[in-house]
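Take a look at the structure below.
Note that the structure is a prediction, hence the values are computed from the model and not measured.
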2 protein chains.
Amino acid sequence: LAATVVDRQNHHLFQPLLYQVATAALSAPDIASPIRSILRPYPSVTVLLGEVEEIDTGARRVRCAHGKVLDYDILVLAPGTRTGYFGNEDWAPFAPGLKSLEDARAIRSRLLLAFERAEREPDAELRRRLLTLAVIGGGPTGVEMAGSIAELTRHTLARDFRNISPEETLILLIEAAPRILGGFDEELGGYALERLKRLGVTVMLGQKVEEIDARGLTVDGRHIPAGLVIFAAGVTSSRLGEQLGVETDSAGRVPVLPTLEVEGLPGVFVLGDAAAFRDADGEPLPGLAQVAKQQGIHLGRALVEHIREGTPLPPFTYRSRGNTAIIGRHAAVYETPKRRKVTGWPAWALWALVHVHLLVGFQNRLLVTTQWLWRYLTYERGARVVTGDETGIAPPRPASDPAVAEEQRIA
Amino acid sequence: LAATVVDRQNHHLFQPLLYQVATAALSAPDIASPIRSILRPYPSVTVLLGEVEEIDTGARRVRCAHGKVLDYDILVLAPGTRTGYFGNEDWAPFAPGLKSLEDARAIRSRLLLAFERAEREPDAELRRRLLTLAVIGGGPTGVEMAGSIAELTRHTLARDFRNISPEETLILLIEAAPRILGGFDEELGGYALERLKRLGVTVMLGQKVEEIDARGLTVDGRHIPAGLVIFAAGVTSSRLGEQLGVETDSAGRVPVLPTLEVEGLPGVFVLGDAAAFRDADGEPLPGLAQVAKQQGIHLGRALVEHIREGTPLPPFTYRSRGNTAIIGRHAAVYETPKRRKVTGWPAWALWALVHVHLLVGFQNRLLVTTQWLWRYLTYERGARVVTGDETGIAPPRPASDPAVAEEQRIA
């Protein structure tokens, strides 16, 4: 029994805390663990850094971008999702999503640079534009981003500038539906809305974004000049699912059987956000970390028994641990599996506990907890770093790695 | 009394620990503090993110790249140094120096990717090249880099790969002089050499680098294929000194009077690495953090008294706190101001104490200490993250900030 893990990244990323890297609360490495060190205890597992380019389910073969070819008996696909712009891919350069460390660092730079530029800008109108920050999408990611930006401007940055008042920043949260946190109970959505307003966020409900460009965005026919636009409104599946040659659903997800196997492709499994797994009610499971984690553990154990002892693969059943989102200090929502609703302090404490618990690696937990405690006491944020290639000023960025170029030349 | 601080970066960087970011031991934000938050308590100080393009000492005016013009009564220049390639600027893309967070992140990526590529490389010769890492320069930076890379390969990465043995990595430390740590007593240089050898570093003394290219480097006529070359052999002053129109020394430093003022330019001062300040013996002070820090404190206080009370500017005197460099775990050298020599455990503990003490910001100190303790106990390193734009694989990097482009269009 030998397994090969292929990933485009060298690290496993804890996506639920990406918004904290984007708002300078945590460093990128705090929420990422090297895949190699996670799998170190398992000598039968080989890790390869690489991008899968082609899957040939007939020949049972995977080809990577760097030329490596892997033959398989069993293929497990868990490529996750990427930001989806609903067909408006041209919005991407003007409105980063929040799916990778690059996204988070890009948002952090733009966010901090908007204030730096405003500080030296003599023109009042341009200053107002720079200090208008728009978050598109009222799901958990959008709510968390808007809340965290509000706390950053109202507390951390408040006394750091001389020519501008960061507290006057206009923070917009734009949602096409008539309410925010649509995945939660209506009462919890109402609570979140009230807390966001109290933090100074302007929530625009039932309004549709029609255009995003370099100067801002157009919402319901009205152009809003903005210094930063963040797209937290949609995700779409990785393009890898299409390689299987089966029909995907509208979100690009691959339909799977109760065993997580793909119908008609024995030995091929899809997990996590990229899979459309329907529960007993016929509803596809939501794209949550806990779904992916439970599916991974289930399939790993099932496959070992199946291969070693010939046991038939058991069906997967999802056990919800509840659902949570944070708005800010002492303000969060938590919906238990039995639909009990928790808000405020207790939900906030639960949110923190769950997120520290889910972080991979004891060191990461320790560092993140230390930083949260520090921020709680001081309102300070530790990761307010913009580096040269992001400032737009004198980028003496080292040329791309010559070893890569040469390797491609040799290949 | 009002002061404006202009910097190309939004952060103050603690350069002595850059090598730890380059070798995945610390995160970039751990050794950087926002200039704004450092200066928050002083309402009379304005901070501007920007690059100074032109200094007109006649009109007493400074012009920044983004168009801002600042008039001054007193000008203090403290721009530091950059990596100097002794006229071989074409080496820069193949051999990053270690002066900025970008440098450190670039080295970290290349270092970690060399192992990733070797792991999937079927050709033994190419594998050997990827696992040859060369550090040029046997000063403190070179010694610290080589020692830290050795510990990374011998401990942290040792059990993480299946097809390669990171312990077999060839680590070269190349120095043109006949000994390493030339700024320290000879006995301490000998100790460091012995400790580096014990860590598995191949030290090449009295050997000159003649060429660096994409495939490796040429040393004394011999070509050495290498997967990573780091240039820690020289620094040269910022180009800003030339703007003053006075003659600089061979290292590009501006000669200053005992008051730190530039001769012939009343009201213009130069501090730190960019200044050639000669002590009582006529020797220029070394480019050390403690020199720059003492000069800054001295001049700040002197200027306030001078302006408020007309006191003449007192001359600066340097008080050495000793000099230290680290080779690895339990191995460091420390030379006291009275030339007493300390090595091993006590020097190592002193090194750690001094460096944590000099770090700006209590949170940084806490985080760095936590990570050091963690690494001490586990040999693990927390910042082994390579992000997409560095992997050379599918870089879905968000386009450069449209706000910058537009701002330039408007200006």
(request) Kindly check if the number of other-residue, nucleotide or ligand heavy atoms within 6.0 Å of CD (E125(A)) is above 12? (result) no
(request) For the residue pair H11(A) and R384(B), establish whether any side-chain heavy-atom pair is separated by less than 4.5 Å. (result) no
(request) With rounding to the nearest 0.5 Å, note down the distance linking CH2 in W374(B) to CG in N364(A). (result) 9.0 Å
(message) I'd like to know which of P43(A), A226(A), G216(A), P122(A) tops the heavy-atom pair count under 4.5 Å against chain B.
(response) P43(A)
(message) Within this structure, what is the CD-OG1 distance for the pair E119(B) and T46(A), rounded to the nearest 0.5 Å?
(response) 6.5 Å
(request) Check whether any side-chain heavy atom of R162(B) sits under 4.5 Å from a side-chain heavy atom of V47(A), and report yes or no. (result) no
(request) Pick whichever of T378(B), L101(B), D160(B) has the most heavy-atom pairs under 4.5 Å with chain A. (result) D160(B)
(message) Using every non-hydrogen atom in the two residues, find where L48(B) and R120(A) come nearest and quote the distance to one decimal.
(response) CD2-CB, 3.7 Å
(request) Check each atom of L157(B) against the heavy atoms of chain A and say whether the ones under 4.5 Å are side chain, backbone, both or neither. (result) neither
(request) Locate the shortest heavy-atom distance separating R36(A) from F161(B); write the atom from each residue and the value. (result) NE-CE2, 3.1 Å
(request) May I ask you to test the L49(A)-L113(B) pair for a side-chain heavy-atom distance under 4.5 Å? (result) yes
(request) Check P29(A) against A383(B) and note the closest heavy-atom contact, atom names and distance. (result) CB-CA, 3.7 Å
(request) Sort T370(B) into side chain, backbone, both or neither according to what part of it lies under 4.5 angstrom from a heavy atom of chain A. (result) side chain
(message) Need one label for L39(A): side chain, backbone, both or neither, based on atoms under 4.5 Å from any heavy atom in chain B.
(response) backbone
(request) Select one option (side chain, backbone, both, neither) describing which atoms of L367(A) are under 4.5 Å from chain B's heavy atoms. (result) both
(request) Please state whether the side chain, the backbone, both or neither of E380(B) comes within less than 4.5 Å of a heavy atom of chain A. (result) side chain
(request) Give, for atom CZ of R381(A) and atom OG of S37(B), the distance between the pair rounded to the nearest 0.5 Å. (result) 12.5 Å
(message) Under 4.5 Å from any heavy atom of chain A, what part of Y42(B) do you find: side chain, backbone, both or neither?
(response) backbone
(message) Surrounding CZ of R159(B) (heavy atoms of other residues, nucleotides or ligands, distance under 6.0 Å), is the total greater than 12?
(response) no
(message) Whether E121(A) and K68(B) form a salt bridge (side-chain N of Lys/Arg under 4.0 Å from carboxylate O of Asp/Glu) is what I want to check.
(response) no
